[in-house]
Student: 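Got a structure for you, questions after.
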Amino acid sequence: MARLLDETAALLEIDAADPFRVRSYRRAAEAVEQQTTPLASLVDDPKQLLAIAGIGKGMAANIVDLERTGSMPLRDELLTKYRPSMLDLLRLPSMGPKTVALLFSALQIENMDQLETAAKEGHLAKLPRFGQKQVDKLLKGIEDHRRNSGRFRIDNAGETADKIAAMLREFPGIETITPAGSLRRGRETVGDLDLLVTGPACEADVVSAAVEYVATLPLIDVLLAKGQNKVSFTLRNGLQVDVRLLPRASYGAALQYFTGSKMHNVSLRQKALKRGYTLSEYALARLNPEEGESSIVAAATEEEIYAALGMQWIAPELRENCGELEAAEAATLPSLITLDDIRGDVHMHTVATDGAFTIREMADAALARGLKYIAITDHSKNLAMTNGLDDYRAQAHVRAIQAVDAEMEGRIRVFAGIEVDILQDGSLDLEDETLAMMDVVVGSVHSAFQMPSDEMTARLLRAIENPYLRILGHPTGRKLLRRDPYVFDMDGVLRRCAELGVAVEHNAAPARADLSDLNLRKAKALGCRISVNTDAHSIDDLAKMRFGITQLRRAWLEPKDVINTLDVDAFLSALRPRPAHVGA
DNA sequence: GCCGTTTTCGGCCCGACTGTTTTCAGTCG
């Protein structure tokens, strides 16, 4: 529904509608996307729809139509004038609604193939604002779009940011480099990289030399723009990088501004205006300064700016215009979970299956990271390609893990576990006798392609009834940028997990970002015990915990919401109790 | 199309860069 509303906004824009009307459709799309209760249940009660900020009478009617019929009159009408394929064109660089409308009215161009043909055959030249440069840029844009229209994983973008930062630091007088944008906000993926740079070399009178240095970095594939203090370029993998060089005095304002999100900033600026200020990327300033009074109120740090607006400083992960501004005004922001709060990591692999290190090596590495307990959870036999453990090997592996636990002499506890496969019918692929030996049984689905949603739901519901299963591992099976999540009744499964005391795992590895922040909020609301684990296959993977924490923070989670923050004894008793007949 | 300590009309965030417009429109973040 959010996508349909967003498309309608784009079509309205192409139709040259009132820009504020367009914005209201965009706002409604965002509001719809943020809902944690199914819209179907709100449709029958208009009061609940109208209670959502950004949804008024007209939009509520649209939402009811979308829910009941899958479309709405305005969208249908616009689609008789324009084509859905024209929306793809908006993704090309320097292509906005006006240009798309012009191309359609003048040359009947309605998709990317037609645009490419027209560009190559020189038909564009007769249009206003279309010189050779514009045409070249467009052709390059089409090529890039086909090669790489996706976003980039946060860990890969982070590594790239580090690499560029190291090069920038070579320039004398560049001191501080901070990634902003969605990387700083901790989104799972980023569309581009925003790097803010400051230091003596960035002061207004000398900045041009530093700009020149940035614009000639050897890793640049295409230089897109070079301004007084901004350089934009793409890398060979298609990632766009925006570097901004700013004086110290306004660094906080710039950091706030370029961290976003857009909707957070728009709301913040509105609040500033109501207080008689104007906020830009340079400063928070008085609208009408008294004679002889400086207009600048705050600019050097983010803390000053939020404080001057009567707010607590807001962690970047929360800046999505999702209630954080109101909470900051009321001083009721949550004390978000941090990496230091994490004491255990209970999902990892060793050389016994598809890991790269031994039990002892994993334990030593975890100890070095300050963890108090871990669980070794290698694969079970159904994952033959990983050399998965059958009952006999799994039982021997338990004894090997217990031996390492003894070797560690209490410096870190090493629990015996297994990542048991949940089969098609919802049963587990090891005997109860084997599972009974495990401290931590993580149940995971490893094959669910094209399984209907209701079968998948039944499979998970049956699996979590097994009394030995203590953690539902990477529940959605999602692999970011590679695979769609398994589709099932998420609410129903989470609710049953909460009832049974089965913990739900948030897999910290960026490639396996399982529970989106939305689902994490749902899990919390439904009373689930949430466990964050790295699913480490090597000692380096243990560092990925920080990406998991970022997603937890985006879901407004505090230490008490995650069981891995507990001491070892409390952690074990937070898990579903093991069946009584196991004995002492 | 939404919204209200300026409440049913008249506002709605702010600035930089590009290209080719000789004064600024369109795009972008």
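So that the names make sense, note that chain A is the first sequence line, chain B the second, and so on, each numbered from 1.
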Student: Using the side chain to side chain donor-acceptor pair (under 3.5 Å) rule, pick out the option among A/Gln134, A/Arg129, A/Lys133 that qualifies with A/Ser94.
Tutor: A/Gln134
Student: For B/dG26, give its Watson-Crick or G-U wobble partner with both distances under 3.5 Å, or none.
Tutor: B/dC17
Student: For a quick test of reading the model: is some side-chain N or O of A/Gln134 closer than 4.0 Å to OP1 or OP2 of B/dG19?
Tutor: no
Student: Report yes or no: do A/Thr534 and A/Asp541 form a side-chain donor-acceptor pair below 3.5 Å?
Tutor: no
Student: Could you give the NZ-to-P distance, from A/Lys133 to B/dT21, as a whole number of Å?
Tutor: 14 Å
Student: Taking only N and O in the side chain of A/Tyr25, is any of them less than 4.0 Å away from OP1 or OP2 of B/dC2?
Tutor: no
Student: Would you find a donor on one side and an acceptor on the other, under 3.5 Å apart, between the side chain of A/Asn265 and the backbone of A/Lys262?
Tutor: no
Student: Check each of A/Thr178, A/Thr301, A/Thr198 against A/Tyr251 using the side chain to side chain donor-acceptor pair (under 3.5 Å) test, and report the only one that passes.
Tutor: A/Thr178
Student: What do the steps show when you test A/Arg169 against A/Glu175 for salt bridge (Lys or Arg N to Asp or Glu O under 4.0 Å), and what is the final call?
Tutor: CA-CA 7 Å; A/Arg169 235 173 249 115; A/Glu175 289 173 351; over 6 Å; no
Student: Taking atom P in both B/dT8 and B/dG15, what distance in whole Å separates the two?
Tutor: 30 Å
Student: Touch check for A/Tyr277, heavy atoms < 4.0 angstrom, all strands: base, sugar-phosphate only, or nothing?
Tutor: nothing
Student: What is the distance from CG of A/Leu246 to P of B/dG15, rounded to the nearest Å?
Tutor: 15 Å
Student: Taking DNA chain B as the partner, which of residues 199-215 of chain A come within under 4.0 angstrom of it by heavy atom?
Tutor: none
Student: Looking only at side-chain atoms of A/Lys98, point me to the closest of B/dG1, B/dG29, B/dT27.
Tutor: B/dT27
Student: Just how far, in rounded Å, is P of B/dC13 from CG of A/Leu325?
Tutor: 14 Å
Student: Begin from the C-alpha positions of A/Leu224 and A/Gln240 and carry the test side chain to side chain contact (heavy atoms under 4.5 Å, CB included) through to its verdict.
Tutor: CA-CA 9 Å; A/Leu224 300 174; A/Gln240 179 173 334; 3.6 Å; yes
Student: Would you check if the side chain of A/Gln551 reaches a backbone N or O of A/Gly186 as a donor-acceptor pair within less than 3.5 Å?
Tutor: yes
Student: Of the nucleotides B/dG19, B/dA16, B/dC14, which one has an atom closest to the side chain of A/Arg269?
Tutor: B/dC14
Student: What nucleic acid atoms does A/Tyr257 come within less than 4.0 Å of, heavy atoms only: base, sugar-phosphate, or nothing?
Tutor: base
Student: Give A/Asp18 one of three labels, base, sugar-phosphate or nothing, depending on what nucleic acid heavy atoms sit under 4.0 Å from its own.
Tutor: base
Student: Would you say A/Lys262 places a side-chain N or O within less than 4.0 Å of OP1 or OP2 belonging to B/dG29?
Tutor: no
Student: Between A/Glu281 and A/Lys230, does any NZ, NE, NH1 or NH2 come within less than 4.0 Å of an OD or OE carboxylate oxygen?
Tutor: no
Student: Looking only at non-hydrogen atoms, find the nearest pair between A/Asn111 and A/Asp113 and report the distance.
Tutor: OD1-N, 3.1 Å
Student: Report which part of the nucleic acid A/Thr99 touches: base, sugar-phosphate, or nothing (heavy-atom distance under 4.0 Å, all strands).
Tutor: sugar-phosphate
Student: Between A/Val100 and A/Tyr282, which is nearer to the 5' end of DNA chain B once each is assigned its nearest nucleotide?
Tutor: A/Tyr282
Student: Check each residue of residues 90-97 of chain A for a non-hydrogen atom within less than 4.0 Å of any atom in DNA chain B, then write out the ones that pass by number, or none.
Tutor: A/Leu92, A/Pro93, A/Ser94, A/Met95, A/Gly96, A/Pro97
Student: Sugar-phosphate atoms are those with a prime plus P, OP1 and OP2; base atoms are the rest. Using that split, label each nucleotide of nucleotides 3-8 of chain B B, S or - for protein heavy atoms under 4.0 Å, 5' to 3'.
Tutor: S-----
Student: Can you name the one residue among A/Leu138, A/Leu90, A/Ile142 that meets side chain to side chain contact (heavy atoms under 4.5 Å, CB included) with A/Met95?
Tutor: A/Leu138
Student: When the distance from CG of A/Asn321 to P of B/dC13 is rounded to whole Å, what number comes out?
Tutor: 12 Å
Student: Say you pick atom C1' in B/dT21 and the same atom in B/dG26; how far apart are they, in whole Å?
Tutor: 11 Å
Student: Which nucleotide sits closest to the side chain of A/Arg129: B/dC2, B/dA25, B/dG19?
Tutor: B/dA25
Student: How long is the line joining CG of A/Asp242 and C1' of B/dG15, in whole Å?
Tutor: 15 Å
Student: Sequence neighbours left out, what passes ring pair (Phe, Tyr, Trp, His ring centres under 6.0 Å) with A/Phe130? Give chain and number order.
Tutor: none
Student: Tell me: CG of A/Leu12 to P of B/dG1, nearest whole Å?
Tutor: 8 Å
Student: Could you tell me the separation between the CD atom of A/Glu110 and the OH atom of A/Tyr82, rounded to the nearest 0.5 Å?
Tutor: 12.5 Å
Student: Provide, to the nearest angstrom, the distance between the NZ atom belonging to A/Lys226 and the P atom belonging to B/dC17.
Tutor: 12 Å
Student: Quick one: OG on A/Ser267 to CD on A/Glu326, what's the gap to the nearest 0.5 Å?
Tutor: 7.0 Å
Student: Picking from B/dC2, B/dT18, B/dC12, which would you name as closest to the side chain of A/Arg23?
Tutor: B/dC12
Student: As an exercise, state the distance from CG of A/Leu79 to OG of A/Ser71, rounded to the nearest 0.5 Å.
Tutor: 7.0 Å
Student: On DNA chain B, does the nearest nucleotide to A/Gln132 precede the nearest nucleotide to A/Asn265 from the 5' side, or the other way round? Give the residue.
Tutor: A/Asn265
Student: Describe the nucleic acid contact of A/Ser232 in one word from base, sugar-phosphate, nothing, applying a heavy-atom distance below 4.0 Å.
Tutor: nothing
Student: Please state how far atom CZ in A/Phe258 lies from atom P in B/dG15, giving the value in whole angstrom units.
Tutor: 12 Å
Student: Quick one, which residues of residues 61-87 of chain A touch DNA chain B with a heavy atom under 4.0 Å?
Tutor: none
Student: Could you check whether A/Leu279 gets within reach of a base, just the sugar-phosphate, or nothing at all, counting any heavy atom under 4.0 Å?
Tutor: sugar-phosphate
Student: Checking the side chain of A/Thr332 only, and the main-chain atoms of A/Ala328 only, is there a donor and an acceptor separated by less than 3.5 Å?
Tutor: no
Student: Please list all pairs meeting salt bridge (Lys or Arg N to Asp or Glu O under 4.0 Å) that have one or both residues in residues 11-23 of chain A, counting only residues at least two apart or in different chains.
Tutor: A/Glu13-A/Arg26, A/Asp15-A/Lys81
Student: I want to check one thing: is the phosphate of B/dG1, taken as OP1 and OP2, less than 4.0 Å away from some side-chain N or O of A/Arg21?
Tutor: yes
Student: When you check the gap from the basic side-chain N to the acidic O, do A/Arg319 and A/Glu324 get nearer than 4.0 Å?
Tutor: no
Student: Looking at the side chain of A/Ser280, which of B/dT18, B/dC14, B/dT27 is the nearest nucleotide?
Tutor: B/dC14
Student: Name the closest nucleotide to the A/Val266 side chain, picking from B/dT18, B/dC13, B/dC2.
Tutor: B/dC13
